Amino acid sequence: MPNRTNNCNIVHPMKTFLFAYNPENWYWDNIETAISNIRDTGVHLEKWSIRSYKQVSVGDRAFLMRLGRNTANKGIIGAGYIGTDPFLSEHWNGSGELVHSVIIEFDTLSEKPFITLDELRTLPSHNWTPQSSGQAIPDNVASGLEELWFKKTLGNADKIFGDNSLREGAVKTAISRKYERNPRARRLCIEANGCSCKICCFDFKETYGELGENYIHVHHIVPLSDVGEEHRIVPERDLIPICPNCHAMIHRKSPSLGINELKELLSRRS
């Protein structure tokens, strides 16, 4: 196996941020379009101000909290990932003030809460009704939030196929994006297969120490586009841990390379 130094990716433990949306202060007039975009393509990009801009990195987790005087409407209405580094942008209130913002790649969004404020209060103590948007959520709180989010969104599939499986294919892009990046699916894959690359054996922790612990990509062994129909997926079997370099090489060709094809290519060059 050839020696490899991964110097193209800055790795960091994923952090989680809570963004705030109060329709009484700012009316999101295209939220229906945003929901439709996610339904059709799996993602919607939206600029949002962020208070903890010094802590954020591309790829960090984002949850959107709906606020307002009506308690029944308070709760988490969306989730996704940070898509850009922070940048200065005009405040949403039209004052001309410059505030730090990021682009959020929403992959789930609704006008009504998936998780209500009362349900959030069953988690470790945290301020779920912040005055400013984009505050960091402590890791112990974020972990519980992710578990609850899974049960409220993707977790319904468990009733059909069992705890470790999920139907995919009917809405390929949306479900694929949410499932590959969902922390529960990632954990199940890694628990079964380990955290080193199954193609080149690269291990981030061995190279970077604590910084690289538990960092790895997960990859669909059989691409959803090749399945062509709604189907059952089990993360321990159908997802595989691979490093970002191997992941990129797999997808450089269309159709994408198979795991064994890339292994053979590396073997010939060793």
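Everything quoted here is computed from the prediction, not taken from an experiment. All heavy atoms count here, side chains included; hydrogens, waters and symmetry mates do not.
With sequence neighbours excluded, the residues that form a side chain to side chain contact (heavy atoms under 4.5 Å, CB included) with Asn140 are Pro124, Pro138. Ser95 pairs by the side chain to side chain contact (heavy atoms under 4.5 Å, CB included) definition with His91, Asn93, Glu97, not counting sequence neighbours. Glu111 pairs by the side chain to side chain contact (heavy atoms under 4.5 Å, CB included) definition with Ile31, Glu32, Ile35, not counting sequence neighbours. With sequence neighbours left out, the side chain to side chain contact (heavy atoms under 4.5 Å, CB included) criterion links Leu257 to Lys253, Glu261, Leu262. Residues forming a side-chain hydrogen bond (donor to acceptor under 3.5 Å, both in side chains) with Lys47 (at least two apart in sequence, or on another chain): Ser89. For the ring-ring contact (aromatic ring centres under 6.0 Å, His included) test, residues two or more places apart in sequence or in another chain that qualify with Tyr53 are His100. Every residue two or more places apart in sequence or in another chain was checked for a side-chain hydrogen bond (donor to acceptor under 3.5 Å, both in side chains) with Ser110, and none qualifies. Partners of Glu24 by side-chain hydrogen bond (donor to acceptor under 3.5 Å, both in side chains), not counting sequence neighbours, listed by chain and number: Arg69. Every residue two or more places apart in sequence or in another chain that forms a ring-ring contact (aromatic ring centres under 6.0 Å, His included) with Phe63 is listed here: Trp149. Every residue was checked against the side-chain hydrogen bond (donor to acceptor under 3.5 Å, both in side chains) condition with Asp203, not counting sequence neighbours, and none meets it.
Sorted by first and then second residue, the salt bridge (Lys or Arg N to Asp or Glu O under 4.0 Å) pairs with a member in residues 71-91 form an empty list; sequence neighbours excluded. Applying the salt bridge (Lys or Arg N to Asp or Glu O under 4.0 Å) test to every pair with at least one member in residues 188-202, sequence neighbours left out, gives these pairs: Arg187-Glu191.
Looking at every heavy atom in both residues, Cys243 comes nearest to Cys200 through SG-SG, 3.9 Å. Residue Ile216 comes nearest to Pro241 through the heavy atom pair CG1-CB, 3.9 Å, listed as atom of the first residue, atom of the second, then distance.
The hydrophobic clustering, which links ILVMFWY residues whose side-chain heavy atoms are closer than 4.5 Å, places Leu45 and Phe87 together.
Between Trp28 and Tyr21, the ring planes lie perpendicular to each other; the angle is over 60°, past the 30° to 60° tilted range.
Figure legend: cation-pi geometry between Arg61 and Phe17 absent, as NZ or CZ is not positioned both under 6.0 Å from the six-membered ring centre and within 45° of its axis.
Side chains of Glu119 and Thr122: a donor-acceptor N/O pair is absent below 3.5 angstrom, by distance only.
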